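On a predicted model such as this, the values are computed, not experimentally measured, just so you know.
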Protein chains: 2
Amino acid sequence: METNHPPGLTISRLAARSGVGVETIRFYERKGLLERPVRPSRGYRKYPPEAAKRIRFVRRAKELGFTLQEVAELLDLRVDAASACADMRTRASAKLEDVTGRIADLQRMAEGLSGLISACDLSVPTTPCPILDALERPDA
Amino acid sequence: METNHPPGLTISRLAARSGVGVETIRFYERKGLLERPVRPSRGYRKYPPEAAKRIRFVRRAKELGFTLQEVAELLDLRVDAASACADMRTRASAKLEDVTGRIADLQRMAEGLSGLISACDLSVPTTPCPILDALERPDA
DNA sequence: CTAAGGTCCGTACCCAGGTACAGAGTCAAG
DNA sequence: CTTGACTCTGTACCTGGGTACGGACCTTAG
């Protein structure tokens, strides 16, 4: 008979699928970023395959400049009976505003870089730091 | 006579204008993120007003998920006679690709958040973590 | 001239986010 | 039943990005 594992990944298989180390998974669990997995076998963690998606989300969100605390907040957002909708809406709106602000800044950075590339093609010298203005805000 | 400062900010005035502490400015200088300022007066640093813009750029870029090393690379991009255009173009294109990738991910995150807010308004329960899919990449 | 407050440099310390053992227990292929 | 790979918990350690002194020196309002 083939190895007939019931569904469930060991921690090392999950680590391999999500591109992180075993220690990182346990670290994320301590930090509350990952649900505590079931432990059917004498204390050994068993993960559903979707867990990998969650870990990849954490990694990418972190690359995008969110702290682990903020990532945890994003992952906790959901609509359910147990939590007040108004509260969830407030939190989601705040995150959305944060995200759109980041997009705007990155877009201006992209424009600056494009301009730089054009200037290069035309051999137009630029001032030092031609993308410096990209992140200037009126309010700040 | 009014205090007739010749142009040039002391480090503490620059710090106040850019929203960081004095120590942070010296730290950024050590890391090569800030030009070494002139020191006309017995070793005291004197900054041009534009220095504040550079510091604000560093702060915001860091919030957007760039390491200080990457920020330094962004700040070093320029078109001039001294550096090979092809090389600059290559580096700028790589940064641009990075930035557009971030924008795309954040946009999907924004969509996820918007969907969540709509679901809230309609009182539609969502699965746990409805924005989990936002950062799934085909390649990764 | 003098005293309060800036500035200098260097080193030490701090927090977030991991990463790496150590020592003990567990599982499973042969 | 063994043996080698895996897992467990806990603690120690590491890097990036600052922050906070200590002790000496400078500058400027009064």
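The interatomic distance linking Leu34(A) (CG) with dG18(C) (P) rounds to 12 Å, in whole Å. Per the geometry, CG belonging to Leu14(B) stands 11 Å off P belonging to dC8(C), to the nearest Å. Spacing between atom NZ of Lys31(B) and atom C1' of dT15(D) amounts to 10 Å, rounded to whole angstrom units. Regarding Leu33(B), its CG atom lies at a distance of 13 Å from the P atom of dG16(D), rounded to whole Å. Summarising the geometry, the separation between NZ on Lys46(B) and C1' on dC8(C) is reported as 14 Å, rounded to the nearest angstrom. Atom C1' of nucleotide dG17(D) and atom CD1 of Ile55(B) are separated by 15 Å, given to the nearest angstrom. At whole-Å resolution of the value, CD1 in Ile25(A) and P in dT9(D) are 13 Å apart. Between Arg30(B) atom CZ and dT19(D) atom C1' there is a gap of 11 Å when expressed in whole angstrom units.
The structure places CG of Leu74(B) at 10.5 Å from CZ of Arg91(B), a figure rounded to the nearest 0.5 Å.
Ranking dT27(D), dA20(D), dT19(C) by closeness to the Arg42(B) side chain, first place goes to dT27(D). Listed nucleotides: dG6(C), dT19(D), dT19(C). Nearest to the side chain of Phe27(A): dT19(C). Among the nucleotides dC21(C), dC27(C), dT7(C), the one closest to any side-chain atom of Tyr44(A) is dC27(C). When each of dG18(C), dT7(D), dA20(D) is scored by its nearest atom to the side-chain atoms of Lys62(A), the top-ranked nucleotide is dG18(C).
Glu23(B) contributes a side-chain N or O that forms a donor-acceptor pair with the base of dC21(D) under 3.5 Å.
In this structure, Thr24(B) reaches the dT19(D) phosphate: one of its side-chain N or O atoms is under 4.0 Å from OP1 or OP2. For dA16(C), neither phosphate oxygen OP1 nor OP2 lies less than 4.0 angstrom from any side-chain nitrogen or oxygen of Thr67(A). Remark: Arg26(B) is in phosphate contact with dC8(C), judged by side-chain N or O atoms under 4.0 Å from OP1 or OP2. For the OP1/OP2 pair of dT26(C) and a distance below 4.0 Å, the side-chain nitrogens and oxygens of Ser41(A) include no atom meeting the criterion. The side chain of Arg45(A) places an N or O atom within less than 4.0 Å of a non-bridging phosphate oxygen (OP1 or OP2) of dT9(D). OP1 or OP2 of dT7(C) lies within a sub-4.0 Å distance of a side-chain N or O belonging to Ser12(B). Thr10(A) has a side-chain polar atom (N or O) that falls below the 4.0 Å cut-off from OP1 or OP2 of dT7(D).
Note on Arg13(B): nothing from the nucleic acid sits closer than 4.0 angstrom, heavy atoms only.
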**OP:** Kindly determine whether Leu68(B) and Phe27(B) satisfy side-chain contact (heavy atoms from CB on, under 4.5 Å), including the steps that lead there.
**Re:** CA-CA 11 Å; Leu68(B) 293 188; Phe27(B) 174 74; 3.9 Å; yes
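With 3.5 Å as the limit, one finds no donor-acceptor pair spanning the side chains of Glu111(A) and Gln107(A).
Salt bridge annotation for Arg108(A)-Asp105(A): present, with a cationic side-chain nitrogen under 4.0 angstrom from a carboxylate oxygen. Note on Arg26(A) versus Glu23(A): salt bridge recorded, some NZ/NE/NH1/NH2 to OD/OE distance being below 4.0 Å.
Without hydrogens or angle criteria, Thr126(A) side chain to Arg78(B) main chain gives no donor-acceptor distance under 3.5 Å.
Taking for each of Ile11(A) and Val20(B) the nucleotide of DNA chain D with the nearest heavy atom, the 5'-most of the two is the partner of Ile11(A).
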